[in-house]
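Naming: A, B, ... by sequence-line order, numbering from 1 per chain.
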Number of protein chains: 2
Amino acid sequence: MPDGSTKKPSRIQRRNRRVILDAALDVFSRHGYRGATLDQIAAEAGLSKPNILYYFDGKEDIHVTLLSQLMDTWLDPLVEMKPDGDPVEEILAYVRRKLDMARELPRESRLFAGEILQGAPRMRPELEGHLKPLFDEKCALIATWIEQGRLPPLDPRHLIFSIWATTQHYADFETQVSLLMDGESDTHASAARHLETMFRKFLSMP
Amino acid sequence: MPDGSTKKPSRIQRRNRRVILDAALDVFSRHGYRGATLDQIAAEAGLSKPNILYYFDGKEDIHVTLLSQLMDTWLDPLVEMKPDGDPVEEILAYVRRKLDMARELPRESRLFAGEILQGAPRMRPELEGHLKPLFDEKCALIATWIEQGRLPPLDPRHLIFSIWATTQHYADFETQVSLLMDGESDTHASAARHLETMFRKFLSMP
DNA sequence: GAAAATTTTTACCATTTGGTAAATCCACGA
DNA sequence: TCGTGGATTTACCAAATGGTAAAAATTTTC
């Protein structure tokens with residue numbers, strides 16, 4: 001019993017669970033939850049379908065496991081935004097990390113986007129448990145910076161939304177972006193310059 | 001033959017096609033293309049499944065028809081951005097229209113988002129035929145404004161991406177936004193103020 | 001190296017789902 | 001009002017899909 005058991009997982013178990021989750025990330029991020037099939041995941045993982053179900057309780061279990069495991073990685077850039085240092089540089093560094101993450105982990109970005117888009121039917125507990133507290137904490141931090149006169153008055157929540165939206169856009173809407181950016185050699189670099197300029201100007205004191 | 005025919009559609013045909021498309025918009029935007037079923041659409045439309053297939057050639061036909069018909073509405077705010085008037089005000093008015101559209105037509109926003117997210121498998125021709133030319137035209141317009149010294153130097157393409165991303169975010173990620181904005185009475189109003197401030201500052205001459 | 005435990009495969013199954021054929025219903029103009 | 005063509009329903013079907021049982025193969029343990 002490789003899943004819910006209390007025993008420590010064997011080497012084979014760790015390897016296969018990892019292989020399955022990686023294949024599932026691929027398939028789920030490309031086709032969404034309903035659009036993905038166990039057969040596709042099995043083929044991508046190089047395992048048989050029943051073998052997949054030997055390691056996970058079912059399709060939903062794979063999806064939920066993926067989302068849970070990814071949540072930490074996903075929130076890490078925001079965790080790294082600390083009270084020390086210059087507020088503007090802290091926030092701009094966050095923007096940079098978030099944009100880098102959109103480039104390096106587009107599958108993860110699309111997986112989350114698809115889940116949220118459909119009302120987060122399988123992720124709401126994770127959102128409330130992990131995202132919400134972190135979000136509130138960082139909003140409070142930004143509010144402090146504003147009170148101290150180190151940032152212009154602004155709504156921290158909408159600032160964070162704008163950072164999420166503009167950075168993840170390059171992963172989630174990659175199809176559209178590359179269609180419209182044809183001829184551009186390095187979209188990521190120009191996007192980074194644009195966002196740096198935009199948010200620096202927005203965050204500068206009048 | 002109510003679909004591909006050359007005859008003019010009867011009143012019943014127009015009504016039922018409209019009812020079906022509205023139901024399909026609901027279902028597709030909530031569950032994505034693969035997640036939506038003809039039975040769901042039929043139930044939502046108050047018609048039987050074979051009756052639905054009497055008006056459309058199949059599931060994909062409904063989806064493609066929806067996307068095509070919506071494209072014009074969707075691009076309208078950008079069409080309205082004209083060379084006359086102050087550049088900053090023109091762009092800010094565009095931001096406002098786009099945000100209003102996200103509030104008034106969230107289903108449409110999510111439908112497009114889901115389609116792009118999965119690589120636009122059923123919309124690429126529409127994108128190349130309608131979106132791309134309009135995008136290029138408006139980028140050229142913004143570039144002109146910059147050359148005239150009426151806007152600071154910036155990349156028009158990334159500016160438009162940022163406008164799309166920040167406004168559509170409130171529709172596409174509504175689940176997340178409302179979870180994190182609990183206690184806010186009017187998210188739309190505060191979002192409007194935030195985006196107005198942010199883009200006005202970004203577009204102001206140094 | 002045999003027994004025990006774990007892993008993988010083979011052969012299925014029930015349900016869902018997109019779609020069809022044909023019979024039936026019904027609105028409307030002559 | 002009656003016939004006709006458009007509209008709707010009933011009864012299906014084939015393929016896809018999530019999942020299972022049990023045998024077979026493999027690895028691990030003693």
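Contacts of residues 44-52 of chain B with DNA chain C (heavy atom under 4.0 Å): B:K49, B:P50. Contacts between residues 26-39 of chain B and DNA chain D, defined by a heavy-atom separation under 4.0 Å, are made by B:R34.
Side-chain nitrogen and oxygen atoms of B:Y54 include none within less than 4.0 Å of the OP1 or OP2 phosphate oxygen of D:dT8. OP1 or OP2 of D:dT8 sits under 4.0 Å from a side-chain N or O of B:Y55.
Distance, A:I62 CD1 to D:dG19 C1': 12 Å, rounded to whole Å.
Residues satisfying the side-chain contact (heavy atoms from CB on, under 4.5 Å) criterion with B:T175, sequence neighbours excluded, are A:I116, A:A120, A:R124. With sequence neighbours excluded, the residues that form a salt bridge (Lys or Arg N to Asp or Glu O under 4.0 Å) with B:R96 are B:E196. Listed by chain and number, the residues in a side-chain contact (heavy atoms from CB on, under 4.5 Å) with A:I142 are A:M81, A:W145, A:I146, A:L151, A:L154, A:P156, A:L159, A:I160 (sequence neighbours excluded). Applying the side-chain contact (heavy atoms from CB on, under 4.5 Å) test to A:P106 and every residue at least two apart in sequence or in another chain returns A:R110, A:A171, A:E174. Contacts of A:T73 classified as side-chain contact (heavy atoms from CB on, under 4.5 Å), with partners at least two apart in sequence or in another chain: A:M101, A:L105.
Pairs engaging residues 65-81 of chain B under the salt bridge (charged side-chain N to carboxylate O under 4.0 Å, His left out) rule: none recorded [sequence neighbours left out].
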**Request:** Before giving the answer on side-chain contact (heavy atoms from CB on, under 4.5 Å), spell out for A:I20 and A:R17 the whole-Å C-alpha distance, their side-chain angles and the decisive distance to 0.1 Å.
**Result:** CA-CA 5 Å; A:I20 292 169; A:R17 279 182 71 95; 5.6 Å; no
Quiz: residues 22-36 of chain B side-chain donor-acceptor pairs under 3.5 angstrom, not counting sequence neighbours:
| residue | atom | partner | partner atom | Å |
| --- | --- | --- | --- | --- |
| B:D22 | OD1 | B:R107 | NH2 | 3.2 |
| B:D26 | OD1 | B:R107 | NH1 | 2.5 |
| B:D26 | OD2 | B:R30 | NH1 | 2.9 |
| B:S29 | OG | B:L25 | O | 2.7 |
| B:S29 | OG | B:D26 | O | 3.0 |
| B:H31 | NE2 | B:Q40 | NE2 | 3.3 |
| B:Y33 | OH | B:E60 | N | 3.3 |
| B:R34 | NH1 | A:G35 | O | 3.4 |

